[in-house]
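Side chains included, hydrogens not; waters and symmetry mates left out as well; all remaining heavy atoms used. It should be emphasised that the depicted structure is a prediction, and the values quoted were computed from it without experimental measurement.
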Amino acid sequence: MKELMMKECPQCHSLVRLWKECNCKDATFSCCGEAMKEVNANATDASFEKHVPTYEVKDNKIKVKVNHVMEENHYIEWIGIFAKNEEHIFYFHPNEVAEVEFPYIENATLYAYCNLHGLWKADIK
Ligand SMILES: [Fe+2]
């Protein structure tokens, strides 16, 4: 399992991904004059069922879906599968269907990102 580390600007909501965590005690990333905040998965007060990715495994592939609206101002921006040695991300646009097929990877983690409700995840069993 691999944790995805991201930080968000509380003002403009820009996102950065951390490839490696800094261990110094004053590590701060800032944007718009403020410290960026850690993005935690499944932490937003929004419908769990509409954001957490669901999946189906078949023939060494995994079909991942998010049961979410795909409107101009509210949609799933991407779905990803993250594992120890590889990761895959598929990006969506409004009016598309938030559904994608990846190679199946045992013990990987699925992530989905809603433009309004942030990061969601599900571990593959
Ligand atoms: Fe949402």
### Message
Please evaluate residues Q11 and C31 with respect to the criterion side-chain contact (heavy atoms from CB on, under 4.5 Å), reporting the C-alpha separation (whole Å), side-chain torsions for both, the decisive distance (0.1 Å), and the verdict.
### Response
CA-CA 8 Å; Q11 293 297 319; C31 183; over 6 Å; no
### Message
Determine whether K37 and E8 satisfy the following criterion, side-chain contact (heavy atoms from CB on, under 4.5 Å), listing intermediate values before the conclusion.
### Response
CA-CA 5 Å; K37 297 202 169 6; E8 182 178 23; 5.5 Å; no
Separation between [atom1] of [X] and [atom2] of [Y], rounded to the nearest 0.5 Å:
X    : Y    : atom1 : atom2 : value
E77  : I89  : CD    : CD1   : 11.5 Å
L116 : E71  : CG    : CD    : 9.5 Å
H68  : E99  : NE2   : CD    : 15.5 Å
M6   : R17  : CE    : CZ    : 9.0 Å
M5   : W19  : CE    : CH2   : 10.0 Å
D45  : H117 : CG    : NE2   : 8.5 Å

Please find the pair of heavy atoms, one from [X] and one from [Y], that lie closest to each other, and give the distance.
X    : Y    : result
I81  : P103 : CD1-O, 3.9 Å
P10  : M36  : CD-CA, 4.3 Å
I62  : Y55  : CD1-CD1, 3.5 Å
Y111 : F82  : CD1-CD1, 3.4 Å
Y75  : N115 : N-OD1, 2.8 Å
T44  : W120 : O-CH2, 3.6 Å

### Task
Please list all pairs passing the ring-ring contact (aromatic ring centres under 6.0 Å, His included) test where one or both residues lie in residues 22-42, with sequence neighbours left out.
none
### Query
Can you check whether L110 reaches I124 side chain to side chain, under 4.5 Å on heavy atoms?
yes
#### Entry: Note, C9 side chain near E34 side chain (heavy atom, < 4.5 Å)
no
### Message
Other residues, nucleotides and ligands only: do more than 12 of their heavy atoms fall within 6.0 Å of NZ on K65?
### Response
no
### Query
Under 6.0 Å from the CD atom of E106, do we count more than 12 heavy atoms belonging to anything else shown?
no
Kindly work out whether a path of hydrophobic side-chain contacts (I/L/V/M/F/W/Y, heavy atoms less than 4.5 Å apart) joins [X] to [Y].
X    : Y   : value
Y91  : V66 : no
F92  : L15 : no
F90  : V97 : no
L4   : V39 : yes
Y113 : M70 : no

### Lys/Arg N to Asp/Glu carboxylate O, E3 vs K121, below 4.0 Å
yes
### Query
Where do H51 and L119 land on the side-chain contact (heavy atoms from CB on, under 4.5 Å) test, with the steps shown first?
CA-CA 8 Å; H51 290 93; L119 189 65; over 6 Å; no
### Task
List the steps and the verdict of side-chain contact (heavy atoms from CB on, under 4.5 Å) for E49 and N67.
CA-CA 7 Å; E49 318 77 65; N67 181 28; 5.8 Å; no
